[in-house]
Amino acid sequence: MNSCEINKLEGCQKGINLFENLSFSEIYFISQRLAAPILHRGCKNRCLHCYAQAMPPLKEDLDHINKISFNDFNLLIDGYTRLRESIGFDICYNPHAFHAMFYDSDSIDTFLKDNNGIIYDFCYLSETLSKALGVKHVFDTCGWYINDKISQEYAEKYAKYYSVPDNMKKIEIFNLSINTFHPLYAKYNEYFSINRDKALKYKKIYIKRTANMLYTFSTLLEHKNFRLLLRAVRNDNEKAAGYIEKDLEKLLNEIFLELKKLYSQNQIEDANKKIELYRKKTVRIDTDLAGAGRAKYFFSPEDRELIFAQEQTDMLNKNPAAALYDKNFDTIIDINGKVYLTNYINTFETEIQLNYENKNKKTAPIHPNLNKYIITKQDIKDYVNNL
């Protein structure tokens with residue numbers, strides 16, 4: 001849409017509580033860039049490569065929240081549903097980004113509880129939000145501890161539900177993340193040269209939990225949008241010994257040996273076929289790590305990742321509004337309704353906030369590299385007027 005078409009729709013948002021005090025131009029800006037209307041914040045894993053520098057969920061109290069309220073979730077659904085009815089089309093479309101309900105958290109923890117204590121899981125939340133926004137969402141997990149019965153129950157439910165082809169079509173991608181950056185594997189690297197037994201203990205725990213994740217989701221193997229998301233540092237990075245592609249390849253072999261044991265223990269007849277299908281999903285290891293967040297510590301100053309990140313940061317410090325014109329920047333909506341602009345290397349707060357009931361509650365800091373400059377409503381107006 002160009003600026004004239006956008007301006008003609010001004011007023012269509014009137015009476016929609018979610019968008020109170022927002023112009024249509026501001027709503028258009030949020031929606032066209034939207035990558036994540038976040039439902040929960042915080043991650044138990046704290047992987048070493050996390051660009052968002054995710055930490056465990058913030059403790060909730062009268063002033064702080066770590067999840068969107070169920071009332072605000074319904075407000076979000078109602079707002080975008082009514083807006084579609086008003087303008088006649090889905091406004092959320094971002095071809096440059098995957099769409100998610102998380103930013104610095106794991107999908108296995110995606111669930112909400114209403115005022116009556118009723119729990120709504122990922123399946124319900126994703127499908128309800130997809131209908132309202134007109135986009136499908138990503139499921140992404142790196143597993144859970146073997147003794148975490150709640151997460152195991154959710155995982156088994158999702159494995160059964162999404163094994164049905166029509167249900168799997170309702171989401172964009174179902175990712176299982178395996179990498180050399182999980183804290184358990186990092187402990188293995190840390191202790192390997194000083195306490196081999198302790199190091200192997202941590203590695204064994206990581207292998208067992210990852211094999212359990214693969215075993216649990218084996219029912220999804222035949223689906224095209226079921227993927228293994230493999231990440232490691234490039235083999236030529238001398239600073240990252242223990243975290244490179246070759247290390248991950250060795251780790252995968254050990255994980256598959258443990259997986260084979262699980263199949264054998266549970267008398268799974270087509271175990272070899274399943275392992276072969278998993279192996280076919282390991283042909284590509286992603287080494288494209290952002291030089292930001294915790295990942296930056298794997299690079300030296302002369303590495304291209306840090307050079308690129310620093311050059312971009314320097315440029316944006318001189319001209320912050322340039323982020324608006326860079327299509328690599330997406331919008332994310334925090335659980336208190338505040339809108340941020342990020343390309344996962346640099347992040348900007350904006351003056352826009354949805355009218356959530358928890359709009360005055362505090363949340364965990366947003367990373368990476370939160371710029372001091374706040375993108376103003378005037379900046380956004382100028383941007384939209386130039387479309």
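Just so you know, residue 1 is the first one in the sequence shown, and it goes up from there.
We find the CG-CG distance between Leu354 and Leu22 to be 6.5 Å, quoted to the nearest 0.5 Å. To the nearest 0.5 Å, the span separating CZ on Phe24 from CD1 on Ile87 amounts to 4.5 Å. Atoms CD1 and CD1, on Ile352 and Ile333 in that order, are 9.5 Å from each other to the nearest 0.5 Å. Summarising the geometry, atom CG belonging to Asp326 is positioned 10.0 Å from atom CG belonging to Asn346; distances are rounded to the nearest 0.5 Å. Put simply, CG on Leu129 and CD1 on Ile77 are 4.5 Å apart, with the number rounded to the nearest 0.5 Å. Of the inter-residue distances, the one linking Glu20 atom CD with Ile16 atom CD1 reads 12.0 Å to the nearest 0.5 angstrom.
The residues Glu311 and Arg304 are annotated as not salt-bridged, no charged nitrogen and carboxylate oxygen being separated by less than 4.0 angstrom. Salt bridge present: Arg234 and Glu305 bring a charged side-chain N and a carboxylate O closer than 4.0 Å. Lys170 has a carboxylate O that lies under 4.0 Å from a charged side-chain N of Glu127, or vice versa, which qualifies the two as a salt bridge. Here Asp334 pairs with Arg41 in a salt bridge; the nearest charged N to carboxylate O distance falls below 4.0 Å. Salt bridge absent: Glu5 and Lys8 never bring a charged side-chain N and a carboxylate O closer than 4.0 Å.
Hydrophobic clustering, with ILVMFWY side chains joined whenever heavy atoms are under 4.5 angstrom apart, keeps Ile374 apart from Phe29. Linking ILVMFWY side-chain heavy atoms closer than 4.5 Å, directly or via other members, places Ile146 and Leu259 in two distinct hydrophobic clusters.
Remark: the Tyr158 side chain and the Ser107 side chain contain no N/O donor-acceptor pair separated by less than 3.5 Å. Defined by atom type and a distance below 3.5 Å, a donor-acceptor pair is missing between the side-chain atoms of Asn116 and Asp114.
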Could you walk me through whether Asp148 and Gln152 pass the side chain to side chain donor-acceptor pair (under 3.5 Å) test, one step at a time? CA-CA 6 Å; Asp148 184 348; Gln152 184 66 38; over 6 Å; no
Between Ser3 and Asn385, is the side chain to side chain donor-acceptor pair (under 3.5 Å) condition met? List the steps. CA-CA 5 Å; Ser3 59; Asn385 284 338; 5.3 Å; no
Set out, in order, the CA-CA distance, both residues' side-chain angles and the distance that settles side chain to side chain donor-acceptor pair (under 3.5 Å) for Asp379 and Thr376, then state yes or no. CA-CA 5 Å; Asp379 289 332; Thr376 67; 3.1 Å; yes
Using side chain to side chain donor-acceptor pair (under 3.5 Å), reason through Ser218 and Tyr263 one step at a time and then give a plain yes or no. CA-CA 10 Å; Ser218 296; Tyr263 285 143; 2.6 Å; yes
side-chain contact (heavy atoms from CB on, under 4.5 Å) between Leu184 and Lys187: does it pass, once the steps are laid out? CA-CA 5 Å; Leu184 287 170; Lys187 287 289 185 183; 5.7 Å; no
Passes ring-ring contact (aromatic ring centres under 6.0 Å, His included), Phe19 versus Tyr80? Steps please. CA-CA 9 Å; Phe19 303 121; Tyr80 271 100; 5.3 Å; yes
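Put simply, the side chain of Glu190 never gets that close to the backbone of Tyr188: no donor and acceptor are under 3.5 Å apart. Side-chain atoms of Asn317 come within 3.5 Å of backbone atoms of Thr313 as a donor-acceptor pair (strictly under, hydrogens ignored). A donor-acceptor pair under 3.5 Å links the side-chain atoms of His223 to the main chain of Ser163, judged by distance alone.
Leu289 forms part of a hydrophobic cluster together with Leu48, Phe181, Val233, Tyr243, Ile244, Phe298, Phe299, Leu306, judged by ILVMFWY side-chain heavy-atom separations under 4.5 Å.
Residue pairs meeting the side chain to side chain donor-acceptor pair (under 3.5 Å) criterion with at least one partner in residues 61-71, sequence neighbours excluded, are Asp61-His64, Ser69-Asp72, Ser69-Glu357, Asn71-Glu357.
A 6.0 Å sphere centred on NZ of Lys281 holds more than 12 heavy atoms belonging to other residues, nucleotides or ligands. In the displayed structure, Asn319 atom CG is contacted under 6.0 Å by more than 12 heavy atoms of other residues, nucleotides or ligands.
Taking the six-membered ring where tryptophan is involved, the planes of Phe226 and Phe174 are tilted, since the angle between them lies from 30° to 60°.
For Phe70 and Phe111, the ring centers are positioned 6.0 Å apart or more.
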